[in-house]
Amino acid sequence: MKKSIIAITLGIALSACGGGGSSSSKTPTTPVTPTPTTPTTDSAEIIQLEETVAIGQSTELVLFAPDSSISNIKWSQTAGNSTQFYAMNSKVIGFTPTVAGDYSFEVTYTEDGSSEKSLSIDFTVTESIAPLTARLGHAVIEGNGVSIISYSLSTSANKEQDQNSLTWTQTAGPNVQFTADSTNGKVAVFFDAPNVTEDTLLSFTVSGSVNGETVSDEIAILVENANTPLGNEGYVPFPERVADVFLYNENSSAGQKLIDCVYSNKASYSTSCNFNQTPLIAHISETPSVNDIMDRVVVSHKWMGDQFKKFLEQYDEHNDFKNLLRATTAVVLSYDVRPSFYHPYTGAIYLDPSDLWETPEQRDTINQAPDYRAGFGSELQFEIPWRYVKNNQYASFYYPISERITRSMSAAKYDFASLLYHELAHANDYFPSTSWAELNGDPATFLTLVNNLFTDKEIQSDDLQRALPLDQGWATGEQNNMTKLGQVRFQDPTLITETQKAYSMEDVANMFKTEGAPQFYSYSSTREDYAILFDGFMMKVRYGVDRDVAVSDQDYDDIVWGQRGREGEPQIKPRVQFVTERIIPEFATEAIEILENMPAATQLDTTKSWRDSIELVDSAENTLANRLAVKSKQVDPRLLPKNGEIRHGNGRKFVY
């Protein structure tokens, strides 16, 4: 049974303003008028929508104090079977009890900068099992993205029908605008938090039929006032709302200044930070330790920093990532970073934490909004998929959200390693080792420095195009057919022409296979060309992981051409050497020797589908030992092979 949400106690605003976003197809809900009641005398309270909670039902505890300034929050569980929650310093914690019994929680906090206070709450988890629940209730800054996902225990053969019966209703708070035209039949909904003037509670109900029974669950989202106004696009690095973040090492000498420079709506190009205020890690140490790097890590949740540190400690045996990180000012890991990117005007890399979670509870804290570019180029008659392969098997997999699977970090190491190689190639493109001494202590803003690099074409990827251009027309501003197709697919779908719509798979394959690009995304920009040459080569030499690329139909049923290990092609090898020598000079001598001995690419079997072409019968990987090794490590049948086209942010596809 749910408690009614009362108007004065919860301080719910009745305005109908929606949060701004990039989608033009948002569906407004009907504003809700709560029932008023007598106000309480407490300045803060803990709100829980459920009077009782069932096993497997997600619930949230909200520290609600709209009339006070709350800081130094810390939640703790004081009774009941241990639960997992990862936002202990937030106003809202969400979790899912798995054992019946009595539970107690306490929250301590500072009110209005002076008064130390605490509140506690008790509730009961019944013996019943929740057939349907929604995750994850949390606090969010106004304007920031929100994703809410439903989970059911459906065991019927009509599971898809059960999912199609789902409906979402907003039950309290200023109305939001969902990114879908209709939320009927959606297992997940996405929206931007509305603008508010004080802490405001939103609640939503998901209902549907599960195994023939009509069921529902309610979820709360606390929207916090941002205080800092948004700056105008073109004048600030973050014109849209970003999450509240904090230093992973709270005693880091970087201090609040680093946050204000690299991930805050306070940041402005006109007052952009400089290398004197926020130096490169190389300016701190050219042989940085893991602790040196963690001092420059900014997170929205502590677990993200814990996992990043764990990865550096366990999987950076060649010191590649520590060396590559020298060209950055900071690493930002936040639930709202989607997809991953590098920002030259802050000098930081921004990583989607989707490759770092190990438990479903950690994953629950990440915004699951799919990549907005997924539909670009849908009018083209072809796709150019790519994948990472090891021992004739997929090296990367999607973990369906609904399965609640726990995974080890080793299961995601290829995805995260390739992501780091890619994003850190961008950082070293703008600020290579040859520039570090000159930049040390430079008082010029990042805006000034980077604009000068653009104007003078002194970025390393510009040097690549001058020496070994991907597109021979680069110097004069011309574009060949593959570059034009890349712009349609990855940058601006409105550029598409009737000629491009008419290209067959064979037409595209004949154009692409003789070019110097390892994959299609190389044509997104010269910066991406530079990074892709590096990331695929490093995955091959460090992990024995190959990259496949092919030209197929849009359903990946038929391929007309494909290759494995395209970095070994004679027109691509010199380009790989060029970037590797500049990105990671410590590895240059070894890389040259490896490239000299690297065989040419292997052709994929075009009589098979893209999926089936993964096994190369005559490949060196198809040995008895490798076949036995693969057989001994059978892939969980619930996992889905991962294909991709857009390089940034592996795992950004929403896979339920």
Side-chain angles (χ1 to χ4, degrees), residues 318 320 384-396 414 417-418 421-422 425 461 464-465 467-472 482 486 508-523 526 528-552 559-606 608 610 613-623 626 643-645 647:
H318 300 287
D320 287 346
I384 306 184
W386 66 274
R387 63 192 171 201
Y388 278 126
V389 178
K390 188 175 178 67
N391 293 333
N392 275 327
Q393 297 291 321
Y394 275 88
S396 301
Y414 298 142
S418 64
Y421 281 130
H422 188 89
S461 49
L464 172 66
Q465 301 308 319
L468 299 164
L470 176 61
D471 187 334
Q472 294 295 330
M482 287 304 303
V508 175
N510 288 332
M511 287 188 287
F512 179 67
K513 63 186 178 183
T514 59
E515 296 251 326
Q519 65 183 76
F520 192 22
Y521 195 50
S522 301
Y523 296 97
T526 57
E528 297 304 334
D529 176 37
Y530 193 80
I532 286 172
L533 287 163
F534 180 71
D535 63 30
F537 175 66
M538 295 304 293
M539 290 301 293
K540 172 64 175 177
V541 299
R542 292 307 199 201
Y543 296 99
V545 171
D546 285 297
R547 181 164 52 196
D548 284 359
V549 64
V551 179
S552 75
I559 61 174
V560 296
W561 169 89
Q563 286 183 328
R564 176 168 302 168
R566 194 164 155 76
E567 288 78 12
E569 290 294 272
Q571 74 273 26
I572 298 179
K573 276 185 178 182
R575 306 186 81 238
V576 172
Q577 179 177 331
F578 185 99
V579 302
T580 304
E581 289 176 335
R582 286 157 178 78
I583 293 174
I584 187 165
E586 292 88 348
F587 183 55
T589 302
E590 185 179 350
I592 292 170
E593 183 178 349
I594 292 171
L595 282 164
E596 287 176 349
N597 296 293
M598 182 175 284
T602 305
Q603 302 300 309
L604 302 185
D605 187 346
T606 58
K608 297 179 179 179
W610 167 247
S613 69
I614 196 167
E615 184 170 357
L616 302 181
V617 177
D618 297 328
S619 76
E621 296 175 345
N622 200 38
T623 64
N626 280 338
N643 299 305
E645 290 179 54
R647 182 64 193 86

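Atoms CG and CD, on Asp535 and Glu567 in that order, are 8.0 Å from each other to the nearest 0.5 Å. Note that CD1 of Ile384 and OH of Tyr523 are 8.0 Å apart. Values are rounded to the nearest 0.5 Å. Interatomic distance, CG of Leu464 versus CG of Leu533, reported as 6.5 Å (0.5 Å rounding).
Salt-bridge check for Asp546 with Lys390: failed, with every basic side-chain N at 4.0 Å or more from each acidic carboxylate O. Between Asp548 and Arg564, at least one side-chain N (NZ, or NE/NH1/NH2) sits under 4.0 Å from a carboxylate O, which counts as a salt bridge. A salt bridge links Asp529 and Arg575; the closest N-O separation between the charged side-chain nitrogens and carboxylate oxygens is under 4.0 Å.
A donor and an acceptor atom, one from each side chain of Asp320 and Tyr421, are located under 3.5 Å apart.
For the pair Arg547 and Phe537, the cation-pi test (distance below 6.0 Å, angle within 45°) is failed. With Trp610 as the aromatic partner, Arg387 meets the cation-pi criteria of under 6.0 angstrom to the ring centre and within 45 degrees of the ring axis.
Of the candidates His318, Glu581, Met538, Met538 is the only one forming a side-chain contact (heavy atoms from CB on, under 4.5 Å) with Phe587.
Of the possible polar contacts, one joining the Ser522 side chain to the Gln519 backbone as a donor-acceptor pair under 3.5 Å is found. No side-chain donor-acceptor contact under 3.5 Å links Lys608 to the backbone of Ile559. When atom types are taken as modelled, the side chain of Arg566 and the backbone of Ile572 share no donor-acceptor pair closer than 3.5 angstrom. Distance alone, capped at 3.5 Å, is enough to place a donor-acceptor pair between the Gln571 side chain and the Glu515 backbone.
Contacts classified as ring pair (Phe, Tyr, Trp, His ring centres under 6.0 Å) and involving residues 559-584 (residues at least two apart or in different chains) are given here: Phe512-Trp561.
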**Request:** Check the pair Tyr543, Tyr414 against ring pair (Phe, Tyr, Trp, His ring centres under 6.0 Å), reporting the backbone distance first and the verdict last.
**Result:** CA-CA 8 Å; Tyr543 296 99; Tyr414 298 142; 5.7 Å; yes
